[in-house]
S.K.: 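After the structure tokens below, expect a handful of questions from me.
Reckoned from all heavy atoms, side chains included, excluding hydrogens, waters and symmetry mates. Positions are given from 1, in the same order as the sequence printed here. What you see is a predicted model; the values in this text were computed from it and never measured.
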Amino acid sequence: MPLAVLALAVGAFGIGTTEFVMMGLLPDVADDLHVSIPAAGHLVSAYALGVVIGAPLLAAVTARLPRRHVLVGLMALFVVGNALSALAPGYHWLLAARFLSGLPHGAFFGVGAVVAATMVPPERKARSVSLMMLGLTLANVVGVPVATLMGQHLGWRVTFLAVSAIGVAAIASLVLLVPHDRGHAPAAGLRRELAALRSLPVWLALLTTVAGFGALFSAYSYITPMLTGSAGYAEAGVTLLLALFGVGATAGNLLGGRLADHSTRGTLFGGLTALAVVLALFPLLMRTEWSAALAVALLGTAAFVTGSPLQLMVMEKASTAPSLASAANQAAFNLANAGGAWIGGLALAAGLGVTSPALAGAALAVLGLAVAGVAYRVDLGRAGAVRGRERVVASHVPAAARPGVPARSTSTGQLRDEAVRAEGGAGGPGA
């Protein structure tokens with residue numbers, strides 16, 4: 001794998017850290033800025049809103065620019081947003097800075113995935129994308145716990161300054177390691193990028209992302225009450241289990257990249273099926289501490305097996321202009337974050353039990369499988385239509401223009417002899 005993928009992973013590590021660290025710092029931020037915990041929770045929503053708006057917008061605006069320059073510019077915006085977060089004089093300034101920090105998130109992953117896929121042979125595309133995404137999953141294992149501890153002991157502003165420093169390191173890596181020639185975008189333009197989003201297969205892939213990762217966040221958003229209220233863990237032990245989720249997500253991401261290089265759709269179907277099964281078993285697995293720890297790890301693995309194949313599928317369905325569609329997939333991921341948490345909350349509010357969000361997630365995973373199945377049928381139908389058009393075109397080609405067919409023949413025997421000679425010349429006997 002080229003070293004440029006490492007530069008992309010460094011950027012992904014910084015983005016993943018700043019996305020999730022706010023959840024661990026909410027009490028500290030709320031206390032320092034004199035706001036309630038629910039009000040501080042809006043800082044998480046502001047970031048997600050920035051991702052949803054910024055992903056398609058920035059990818060479209062930068063469609064004609066060299067991808068290397070786009071990546072550096074997006075990471076510079078990321079650094080500015082986090083530095084402003086650290087220096088925010090009040091709650092509303094921090095809210096605006098978090099929104100600004102989220103703007104480059106989706107576009108960076110979208111453009112970065114295209115760059116990662118174009119720098120390797122076709123049979124290694126998914127693996128290359130998964131290695132870039134490795135930075136995101138490692139952020140949950142290392143970045144978020146370390147940044148949370150730093151914020152709790154040194155102040156939350158120091159955390160965002162540290163994240164800005166990671167962004168600066170990512171910029172240096174991108175400048176040094178991403179080559180000019182391979183990092184240049186084709187002159188697709190905004191019109192062509194937007195046209196790619198009119199494709200039904202692209203939208204079906206995006207809907208699969210929303211349903212599949214909505215299944216994850218339906219359960220993961222309420223993993224702490226499940227672990228404390230059902231499995232019997234103390235709150236102090238939850239942090240270690242969340243790191244265990246990150247380990248599972250990292251393993252699933254690497255496994256999904258390898259498997260998707262052999263069968264993108266097979267990996268997607270297998271991952272969604274595994275996710276549905278794991279979530280359906282949550283009420284049983286959350287009865288003891290050891291099985292609950294196993295459930296958390298399996299949840300991360302099953303969910304992130306689907307990450308690389310979904311990203312690759314969206315890029316392939318919009319192959320003529322993949323940057324915008326790839327960024328839109330990141331927006332879909334964040335919609336899944338918000339929607340999954342909302343659906344899991346509905347299950348809890350209905351009094352269905354502390355593990356009910358996992359069962360709601362299992363239903364969403366089955367929905368994702370259904371959408372992926374519809375996408376498969378659509379692809380089969382389109383492939384059949386293309387073959388039918390090719391047969392029609394071939395039937396109208398004059399005989400003289402068809403390879404291996406003689407323009408003139410005076411007898412059936414001569415025609416047969418010339419056909420035999422043509423077969424022998426093309427591949428020899430038994431070819």
S.K.: How many angstroms lie between atom OG of S101 and atom CE of M22, to the nearest 0.5 angstrom?
M.R.: 8.5 Å
S.K.: According to the interplanar angle, ranging from 0 to 90°, do the rings of F217 and Y220 count as parallel (below 30°), tilted (30 to 60°) or perpendicular (above 60°)?
M.R.: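 Taking Y220 first and then F217, their aromatic rings stand perpendicular (interplane angle over 60°).
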S.K.: Quick one: does L8's side chain get under 4.5 Å of L71's, heavy atoms only?
M.R.: yes
S.K.: So does G353 get a backbone contact from the side chain of S356, meaning a donor-acceptor N/O pair under 3.5 Å?
M.R.: yes
S.K.: Any chance you could measure Y233, atom OH, to M226, atom CE, to the nearest 0.5 Å?
M.R.: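 The distance works out to 14.5 Å.
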S.K.: Can any side-chain N or O of S173 pair as donor or acceptor with the backbone N or O of A7 at less than 3.5 Å?
M.R.: no
S.K.: Quick one: does L346's side chain get under 4.5 Å of W342's, heavy atoms only?
M.R.: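 Yes, side chains in contact.
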S.K.: Quick check: do L281 and L284 have side-chain heavy atoms less than 4.5 Å from each other?
M.R.: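 Touching, per the 4.5 Å side-chain cut-off.
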S.K.: Please report the closest heavy-atom contact between L348 and P357, naming both atoms and the distance.
M.R.: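 Minimum heavy-atom separation between L348 and P357: CG-CG, 3.6 Å.
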S.K.: When you measure from the side chain of R157 to the backbone N and O of A88, does any donor-acceptor pair fall under 3.5 Å?
M.R.: yes
S.K.: So do M286 and L227 actually touch side chain to side chain, heavy atoms under 4.5 Å?
M.R.: yes
S.K.: Would a distance-only check, ignoring hydrogens and angles, find a side-chain to backbone donor-acceptor pair under 3.5 Å from S128 to K125?
M.R.: no
S.K.: Would you mind reporting whether T137 and M133 have side-chain heavy atoms less than 4.5 Å apart?
M.R.: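 They are not in side-chain contact.
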S.K.: For the side chain of N334 and the backbone of A48, is there at least one donor-acceptor N/O pair under 3.5 Å apart?
M.R.: no
S.K.: Please evaluate residues F13 and L136 with respect to the criterion side-chain contact (heavy atoms from CB on, under 4.5 Å), reporting the C-alpha separation (whole Å), side-chain torsions for both, the decisive distance (0.1 Å), and the verdict.
M.R.: CA-CA 5 Å; F13 179 83; L136 179 64; over 6 Å; no
S.K.: How many angstroms lie between atom CZ of F213 and atom OG of S218, to the nearest 0.5 angstrom?
M.R.: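 If I round to the nearest 0.5 Å, the distance is 14.5 Å.
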S.K.: What's the separation between atom CG in L131 and atom CG in L254, rounded to the nearest 0.5 Å?
M.R.: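 That separation rounds to 6.5 Å.
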S.K.: Closest approach of A107 and L58, non-hydrogen atoms and distance?
M.R.: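 Shortest heavy-atom contact: CB-CB, 3.9 Å.
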S.K.: Please report the shortest heavy-atom distance between A55 and G106, naming the atom on each side.
M.R.: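 In terms of heavy atoms, the two residues are closest at CB-CA, 3.8 Å.
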S.K.: Quick check on Y376: does its OH atom have over 12 non-hydrogen neighbours (other residues, nucleotides or ligands) under 6.0 Å away?
M.R.: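 Counting neighbours around OH of Y376, 12 or fewer heavy atoms of other residues, nucleotides or ligands fall under 6.0 Å, so no.
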S.K.: Can you name the nearest heavy-atom pair linking V115 to T118, along with the distance?
M.R.: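 Closest pair (atom of V115, atom of T118, distance): O-OG1, 2.9 Å.
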S.K.: For a quick test of reading the model, state the closest non-hydrogen atom pair linking P201 to V378 and the distance between them.
M.R.: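 Closest approach of P201 to V378, heavy atoms only: CG-CG1, 4.4 Å.
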S.K.: If you look at every heavy atom in L279 and A219, which pair is closest and at what distance?
M.R.: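 Where L279 meets A219 most closely, the heavy atoms are CD2-CB, 3.6 Å.
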S.K.: Do L369 and T208 make a side-chain contact, defined as non-hydrogen atoms from C-beta onward lying under 4.5 Å apart?
M.R.: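 L369 does not reach T208 side chain to side chain.
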S.K.: Treating Y222 as the side-chain partner and G345 as the backbone partner, does any N or O pair qualify as donor plus acceptor under 3.5 Å?
M.R.: yes
S.K.: Mind listing the side-chain donor-acceptor pairs of residues 297-311 below 3.5 Å, one per line with the distance, residues two or more places apart or on another chain?
M.R.:
unit_1, atom_1, unit_2, atom_2, d
T301, OG1, G248, O, 3.0
T301, OG1, A297, O, 3.0
T306, OG1, A303, O, 2.7
Q311, OE1, N329, ND2, 2.9
Q311, OE1, Q330, NE2, 2.9
Q311, NE2, S326, O, 3.2
Q311, NE2, S326, OG, 2.4

S.K.: Could you check whether any side-chain heavy atom of F333 comes within less than 4.5 Å of a side-chain heavy atom of V51, counting everything from C-beta outward?
M.R.: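 No, every pair of side-chain atoms sits at 4.5 Å or beyond.
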S.K.: Atom OG1 of T159 and atom CG of D28: how far apart are they, to the nearest 0.5 Å?
M.R.: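 Those atoms lie 8.5 Å apart.
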S.K.: What class does the angle between the rings of F109 and H105 fall in, given that below 30° is parallel, 30 to 60° is tilted and above 60° is perpendicular?
M.R.: tilted
S.K.: Filter on salt bridge (Lys or Arg N to Asp or Glu O under 4.0 Å), then keep only pairs touching residues 263-276, sequence neighbours left out; what's left?
M.R.: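 Only R265-D379 qualify under salt bridge (Lys or Arg N to Asp or Glu O under 4.0 Å).
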S.K.: Check the pair F282, L359 against side-chain contact (heavy atoms from CB on, under 4.5 Å), reporting the backbone distance first and the verdict last.
M.R.: CA-CA 8 Å; F282 250 57; L359 297 179; over 6 Å; no
S.K.: Any heavy-atom pair between the side chains of V5 and L134 that's under 4.5 Å?
M.R.: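 With C-beta onward as the side chain, the pair stays apart.
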S.K.: F78: what forms a ring-ring contact (aromatic ring centres under 6.0 Å, His included) with it, not counting sequence neighbours?
M.R.: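 In terms of ring-ring contact (aromatic ring centres under 6.0 Å, His included), with neighbours along the sequence ignored, F78 is linked to no residue.
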S.K.: Can any side-chain N or O of D261 pair as donor or acceptor with the backbone N or O of A126 at less than 3.5 Å?
M.R.: yes
S.K.: Regarding R67 and T62, do their side chains bring together a donor and an acceptor under 3.5 Å, going by distance alone?
M.R.: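 Their side chains do not contain a donor-acceptor pair, so the 3.5 Å distance test is not met.
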S.K.: Would the distance check show the side chain of R68 and the main-chain N or O of V178 forming a donor-acceptor pair, the cut-off being under 3.5 Å?
M.R.: yes
S.K.: First locate atom OG1 of T17, then atom CG of N82, and finally report the distance between them rounded to the nearest 0.5 Å.
M.R.: 9.5 Å
